[in-house]
Chemist: 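Okay, handing you the structure first.
Scope of the values below: all heavy atoms of this structure, side chains included, with no hydrogens, waters or symmetry mates. All values derive from a computational prediction rather than experimental measurement.
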Amino acid sequence: MLGEPIVHAEDIRRPLGIHHDYPIETLTRVADCYQSSDLVVAAKRRIAGLRLVATDSPFTTGSGPLVSGTTLALVMATTGRSVYCDELDGDGVEILRDRRDMT
């Protein structure tokens, strides 16, 4: 449940241009949780076959085409917020973007 307030706060903040720094430990825990679960969002299915690597935390998971970026951008993209794919790099970004509508 820790991810819900972060993801939905970003849903509100980003369009308003409001930046917020989250503790990296918190974001890493959320990324770890989402990468192994489809309970709240289809994150596990969305990132299947991709290798995610955070550039600002120790978070890394999976194998396959690379998707790298900040932990926040990875969390948001794995929850289907494809606008955050613009902040990511790697051969797997377009695959992740195409999976935004998975439920």
Chemist: Is the number of heavy atoms from other residues, nucleotides or ligands within 6.0 Å of CG (D91) greater than 12?
Modeler: no

Chemist: Is the backbone of R46 close enough, under 3.5 Å, to the side chain of R99 for a donor and an acceptor to pair up by distance?
Modeler: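 Flag set: sc R99 to bb R46 pair under 3.5 Å.
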
Chemist: Nearest 0.5 Å please: distance from the OG atom of S82 over to the CG atom of D98.
Modeler: 9.5 Å

Chemist: T71 and D56: side-chain donor and acceptor closer than 3.5 Å?
Modeler: yes

Chemist: Ion pair present between D38 and K44, side-chain N to carboxylate O less than 4.0 angstrom?
Modeler: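 Salt bridge: no.
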
Chemist: Shared ILVMFWY cluster between V30 and I24, side chains joined below 4.5 angstrom?
Modeler: yes

Chemist: Hey, does the side chain of S57 reach the backbone of A54 with a donor-acceptor pair shorter than 3.5 angstrom?
Modeler: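 Judged by distance alone, no pair lies under 3.5 Å.
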
Chemist: Could you pull out the closest heavy-atom pair between E10 and P15, with the gap in Å?
Modeler: O-CD, 4.0 Å

Chemist: Which atom names give the shortest non-hydrogen contact between C85 and V93, and what distance separates them?
Modeler: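 Closest approach of C85 to V93, heavy atoms only: O-CG1, 3.6 Å.
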
Chemist: Membership question, hydrophobic clusters at under 4.5 Å side-chain separation (ILVMFWY): are V83 and L27 in the same one?
Modeler: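 The answer is yes; both residues are in one hydrophobic cluster.
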
Chemist: Do the side chains of I47 and T61 get nearer than 4.5 Å, heavy atoms only?
Modeler: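 Yes, their side chains come closer than 4.5 Å.
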
Chemist: Could you tell me whether the side chain of Q35 reaches within less than 4.5 Å of the side chain of L52, counting heavy atoms only?
Modeler: no

Chemist: For P65 and I95, work out which heavy atoms get closest and say how close.
Modeler: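 Nearest heavy atoms, P65 then I95: CG-CD1, 4.0 Å.
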
Chemist: Are the side chains of E4 and I6 in touch, meaning some heavy atoms are under 4.5 Å apart?
Modeler: no

Chemist: Under 6.0 Å from the ring centre and within 45 degrees of the ring axis: does the NZ or CZ of R14 meet both conditions for the six-membered ring of Y84?
Modeler: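 Relative to the ring axis of Y84, which defines the angle, R14 lies inside both limits.
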
Chemist: Is T78 reaching over with its side chain to a backbone N or O of L74, donor-acceptor style, under 3.5 angstrom?
Modeler: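 Such a contact is found between T78 side chain and L74 backbone.
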
Chemist: Which atom pair, heavy atoms only, marks the closest approach of A73 to E87?
Modeler: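 The answer is CB-OE1, 3.7 Å.
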
Chemist: So, the side chain of R81 versus the backbone of T79: is there a donor-acceptor pair under 3.5 Å, distance only?
Modeler: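 Yes: the side chain of R81 pairs with the backbone of T79.
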
Chemist: Please find the pair of heavy atoms, one from L16 and one from I12, that lie closest to each other, and give the distance.
Modeler: CG-O, 3.5 Å

Chemist: What are the two closest non-hydrogen atoms of G69 and L88, and how far apart are they?
Modeler: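 That closest heavy-atom pairing would be CA-CD2, 3.7 Å.
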
Chemist: Do Y34 and V7 make a side-chain contact, defined as non-hydrogen atoms from C-beta onward lying under 4.5 Å apart?
Modeler: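 SC-SC contact between Y34 and V7 confirmed.
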
Chemist: Decide yes or no for T70 and M76: does some side-chain heavy atom of the first lie under 4.5 Å from some side-chain heavy atom of the second?
Modeler: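 Not touching, per the 4.5 Å side-chain cut-off.
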
